[in-house]
Amino acid sequence: PSDETSPEIAQFLTHLEKERDVSPNTTTAYRRDLQGFRTFLQAHLGTPEVAWEQVDRLTMRSWLAHLNRSGLSKRSSARALSAVRSFYRFLHRSDLVETNPARAVGAPKLEKRLPGHLDRAQMETLLSAAATRAQEGRFTDVRDFAILELFYTAGLRHSELRGVNVADLDLIAVGALAHPELFSWI
């Protein structure tokens, strides 16, 4: 297998740098992924010169299985597949291939990470510090305490808090002293 970059890959990388203005890190990652793909194809197809139009869905699946056997993470495999999909889209637009075989395979399923959370003691410390600052009366400190209190007591997500309107609030449950403060915050 040759370590030289093929003319098509070189054209694609120039396209990324000059026309799409991607970051140097993206170009470096795509270069590495496409060279790895080309090296796999050279071994898989048994030829030093890769004919990009010979690649089919089964070849793509073989390549993804090769990445998996090599110990590459699912996230890195998905990024490599993204690079190959973009490359084939470029080849198709340049009339160098008729189809994009990378579109016919699905990306590896990525593990979903649960969001981090504070334990009860950490949350009490945070709320206590926010309440102390809010007692000084600065608008931003009072607002921040109200946000934290609402997050914690109502179990809201950030997007839900952003969507809160005055009409959404049950002001009957709020004491008479809190009404003016609440309206000034909102």
> What are the two closest heavy atoms between Tyr30 and Leu16, and how far apart are they?
Replying inline: CD2-CD1, 3.5 Å
>> According to side-chain contact (heavy atoms from CB on, under 4.5 Å), who are the partners of Asn25, at least two apart in sequence or on a separate chain?
In response: Ser23
> For Arg89, which residues count as a salt bridge (Lys or Arg N to Asp or Glu O under 4.0 Å) partner, sequence neighbours excluded?
Replying inline: none
> Mind checking what makes ring pair (Phe, Tyr, Trp, His ring centres under 6.0 Å) contact with Phe90, not counting sequence neighbours?
Replying inline: Phe12, His15
>> Tell me every residue that passes side-chain contact (heavy atoms from CB on, under 4.5 Å) with Gln54, counting only those two or more places apart in sequence or in another chain.
In response: Leu45, Ala51
>> Arg93: which residues meet the side chain to side chain donor-acceptor pair (under 3.5 Å) condition with it, sequence neighbours left out?
In response: none
> Can you find a heavy atom in the side chain of Val84 that is under 4.5 Å from one in the side chain of Trp63?
Replying inline: yes
>> Test of understanding: with side chain to side chain donor-acceptor pair (under 3.5 Å), list the residues that count as partners of Asp33, not counting sequence neighbours.
In response: Arg79
> Which pairs pass salt bridge (charged side-chain N to carboxylate O under 4.0 Å, His left out) with one or both residues in residues 114-125, sequence neighbours excluded?
Replying inline: Arg120-Glu124
>> Test of understanding: with side chain to side chain donor-acceptor pair (under 3.5 Å), list the residues that count as partners of Arg69, not counting sequence neighbours.
In response: none
> Under the salt bridge (Lys or Arg N to Asp or Glu O under 4.0 Å) test, which residues partner Arg57, sequence neighbours left out?
Replying inline: none
>> A side-chain contact here means heavy atoms from C-beta on lying under 4.5 Å apart; do Arg31 and Ile9 qualify?
In response: no
> Could you state the interatomic distance from CG (Leu67) to OG (Ser73), rounded to the nearest 0.5 Å?
Replying inline: 10.0 Å
> What pairs of residues pass the salt bridge (charged side-chain N to carboxylate O under 4.0 Å, His left out) test when at least one of them lies in residues 12-25, not counting sequence neighbours?
Replying inline: none
> Tell me, which pairs form a side chain to side chain donor-acceptor pair (under 3.5 Å) where one or both residues lie in residues 43-53, sequence neighbours left out?
Replying inline: Glu8-Trp52
Side-chain atoms of residues 130-137: list all donor-acceptor pairs with protein atoms under 3.5 Å, sequence neighbours left out, distances to 0.1 Å.
residue	atom	partner	partner atom	Å
Thr132	OG1	Ser128	O	2.9
Arg133	NH2	Asp141	OD1	3.4

>> What I'd like to find out is whether the side chain of Leu81 reaches to under 4.5 Å of the side chain of Met60, using heavy atoms alone.
In response: yes
